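Everything numeric in this text was worked out from a predicted model, so none of it was measured. FYI, the numbering just counts along the sequence from 1. Just so you know, ligand 1 is whichever comes first in the structure, and atom 1 is the first atom listed for that ligand.
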Amino acid sequence: MNKKEIISKFSTDPERYYSVKLFENQGFERKSCTTCKRFYWTIDENRINCPDHSDDTYSFIGNPPTKKRFDYTQAWKEVESFFVKNGHTSVNRYPVVCRWRDDLYFTIASIVDFQRVMGSKVVFEFPANPLVVPQTCLRFKDLENVGVTGRHFSSFCMIGQHSIPNSNGYWKDECVDLDYRLMTEQFGVDKKEVVFVEDVWEGGGSFGSSLEFFVKGLELGNAVFTEFQGDLSNYKTLDQQIIDMGAGLERFAWLTMGTPTAYDCCFGPITDNLLQQVGIDTNNELLVTYFTKIAKHLEQFSDLSEVRKHAIKSAGLSDDQINKIITPLEGIYLIIDHIRTLIFAISDGALPSNVGGGYNLRMMLRRIISTMNRLSLKFDMNEMVDTQIDYLKNTYPELEKTREDIRTIIEIESGRYENSKLRMEKIVSKLNQKPTVDDLIRLYESDGITPDYLKEMKVISDIPSTFYSKLSDLHQSKKQKEQERISLEKLPETELLYYEDDPKEFDAKILKSFDNYVILDKTSFYARGGGQEPDHGTIGKFDVVDVVKHGNIVVHELKNGIPEEGNIITCVVDSKRRDGITKNHTSTHILNSSTRNVLGSWVWQHSAFKEEDHARLDITHHSALTDDEIENIERLANSIVEKNMSVTIDNFDRGTAEQKYGFKIYQGGIVPVKSVRIVSIEDFDVEACGGTHVKKTGEIKLIKITRTKRIQDGVVRIEFVSGETALDYTKQHDANMIKKSAELKEKMELKEKRHEQKQELREKIPILVESITKSEIGTSIVDEIIVDMTESGKLNFCCTASEQYDEFFHISLGEKLIESDPWMVYCSIFDDEDKIRTIIYSGEQAGKNKKAGDIAKIVSEILGGAGGGNERFAQGGGKDKSKKNDAMEKVKSMVLEV
Ligand SMILES: [Zn+2]
Ligand SMILES: [Zn+2]
């Protein structure tokens with residue numbers, strides 16, 4: 001069953017599928033387009049074509065069909081007030097990061113807000129009926145169109161009008177009537193200009209008719225009636241029929257303003273600010289002509305560059321006009337659009353990265369920077385963020401709260417990109433042929449090089465139209481975990497005692513035992529889930545080694561045999577293990593909120609693991625943690641422990657919980673059940689969670705972070721311990737610290753002592769000089785200083801390699817010795833940390849033959865280094881401490897040989 005089959009079936013019976021009271025009352029006529037044969041409804045007798053094929057297509061550009069003008073903010077106020085005065089509840093937008101669906105990263109349509117997946121089924125949960133919502137939607141499939149076509153955005157506001165036909169809600173007649181009155185009464189469009197086109201919709205096993213509505217060829221919205229299930233030969237009405245009307249807010253604004261592009265009237269003052277900086281005037285007839293051509297012919301060409309070429313030719317633009325007006329204009333539109341998307345995504349907790357949905361965000365920020373570089377635009381990123389938030393907060397006041405965080409993330413991410421430029425330049429310089437689309441994808445995936453960067457570097461002139469859709473497909477699908485299936489048919493759900501009185505000893509009936517597995521009628525053994533490891537203990541005389549849930553049945557894995565089916569058996573849960581795990585679980589919640597408080601609103605739980613004696617929490621964060629940050633997180637977490645806050649558990653209807661607490665409750669992922677278990681640590685942390693928790697935070701005693709590590713782009717792992725383990729850890733840690741500090745103290749004392757000794761020795765220098773110079777012929781030793789003399793008695797030699805002397809000593813002694821004896825040569829070789837050094841003095845007479853510089857040079861060579869100086873004084877050294885004696889022997893022979 002495809003759309004074509006459905007539409008051909010529905011078209012044969014328009015009375016049943018398409019006709020509504022409005023058409024009857026207002027005298028709408030059903031016609032078939034002379035060009036494409038599609039059916040449409042109009043009150044204009046002269047109209048012969050559908051909106052796509054009429055002469056008036058996009059004629060609102062430069063000539064808007066309404067008396068009043070509304071920009072993006074004002075357009076929403078009009079829409080909202082219209083629906084509210086007609087009995088709708090206006091609901092705040094849902095996050096653009098789609099936390100409640102595990103098959104979507106981002107919210108792509110307003111109806112997604114209310115869809116919840118239960119197994120393989122999608123159910124709808126509406127907080128009000130009927131309702132209207134200004135839902136920001138993110139779409140990355142045709143990024144190459146953004147900025148160029150005049151109507152494509154990477155994020156846009158979908159006006160969602162939703163209703164369930166019951167005593168509160170309505171069905172087709174009222175829906176179409178409302179949409180018609182919205183256009184004609186609220187926005188003042190001439191009734192003749194409104195055209196409804198017949199279409200159909202199908203997906204997720206259901207289908208129905210839809211009516212797209214157009215004004216001047218611009219599709220404003222599409223009212224979808226989700227009505228049937230089954231297939232075309234046999235279908236029945238759904239139990240839960242739904243009106244899913246989605247309209248583009250940007251298009252309503254554009255229609256009333258008639259600007260060359262929708263970008264000109266949907267971003268607020270930022271557009272004019274930037275255009276002024278560059279000096280482009282958009283009040284230009286040329287632009288009206290050019291963008292009307294683009295809009296009209298977009299569908300006729302498969303390649304965007306062809307559309308552009310065609311429009312340039314038709315509008316008669318010169319190369320100069322293209323370079324000075326069109327190209328920079330496209331760049332500016334792209335920059336503004338992409339920043340708006342980043343604002344929403346970061347505000348809702350997404351981070352640019354190279355994984356998952358973060359890919360698209362990184363790509364967009366890099367596009368912004370490349371585009372600015374390519375066009376030599378010098379816009380201030382912070383200023384752009386601020387101007388946009390100032391404008392957007394009229395509709396979305398919540399953006400104000402994350403203004404600083406958005407600026408921080410954009411700054412960090414921009415800095416990273418700048419830092420990788422050198423590397424990218426190198427890679428690009430090695431490209432020797434024009435890259436294919438696959439090359440482009442590889443370049444981005446492995447090196448972070450965007451096609452926009454290649455455009456900036458003039459490697460390519462256009463970005464292939466399939467690039468973004470291909471990349472988007474690559475990162476769209478999330479992996480669903482396959483669970484091993486055990487055949488458990490006909491068994492009842494296991495009663496979960498750990499959600500009730502949680503007894504650590506209980507009697508249960510064995511419903512089934514097979515292989516190593518046992519299934520009981522009830523259990524207090526916690527089954528692995530939500531990152532919490534399973535309980536251990538005993539069932540009868542057998543050890544429980546693993547516990548898992550298959551649907552709502554708990555399966556216990558035993559070691560060394562299994563008990564017999566049908567028996568009642570005593571089960572004991574290892575309460576020490578459970579206690580450790582439970583403390584770690586509550587600690588995970590405390591740490592999660594602590595990190596968000598300390599680091600920023602972008603922090604979300606990425607995953608978690610809780611064992612008896614250790615646990616870890618992986619969070620989304622842009623950089624490795626600093627010591628200060630770790631300390632602050634730990635301090636905040638322990639202050640929550642000290643406050644002994646109550647941990648309360650309540651069950652809520654899912655929709656109620658979402659409305660009450662927001663989507664932050666889904667830290668551990670989506671909850672595939674209608675009733676959610678909300679674990680609150682007073683108002684510090686509120687999460688949907690199925691795990692076991694302490695009653696008061698004080699029971700945890702202490703939380704200690706043992707290690708943190710950036711484990712992947714955008715994810716930081718925090719390893720920690722809590723309770724007794726944390727106390728032991730701290731004790732051990734403290735003991736180590738005491739030992740270390742004792743060692744350090746000893747070392748310091750030794751150093752101090754040696755310093756004092758050296759000080760004393762310096763004072764002895766005059767006495768040493770006297771006793772050395774008075775030495776008799778032959779070798780003598782004074783305080784480890786060797787004193788020797790040539791046979792002629794004319795040359796005296798004095799040397800030492802003693803550890804007890806330092807540089808200052810050698811310099812003082814050497815100076816004094818050669819002063820009192822001009823025939824004296826003094827040589828010292830001594831350790832100085834990891835080096836070995838030498839200091840040489842030669843007296844006035846001795847220096848004539850035995851130059852200090854020559855001696856130092858040779859000694860240093862032996863020590864594996866270099867040295868030198870003049871006749872009187874020289875120094876040098878090396879690293880080879882083992883050559884100390886060799887060096888000394890060499891000096892001796894050099895000086896004393898005749
Ligand atoms: Zn047509
Ligand atoms: Zn939890």
I need the SG(C36)-the Zn ion (ligand 1)-SG(C33) angle, rounded to 10 degrees.
110°
Where E611 and N584 come nearest, the two heavy atoms and their spacing
O-ND2, 2.8 Å
Which of these passes salt bridge (Lys or Arg N to Asp or Glu O under 4.0 Å) with E724: K701, K576, K583?
K701
Check R710 against A624 and note the closest heavy-atom contact, atom names and distance.
CD-N, 3.6 Å
Name, closest N/O/S atom of H53 to the Zn ion (ligand 1)
ND1
Is the distance from the ring center of F214 to that of Y40 below 6.0 Å?
no
Answer yes or no for H589: is there an N/O/S atom below the 2.8 Å cut-off from the Zn ion (ligand 2)?
yes
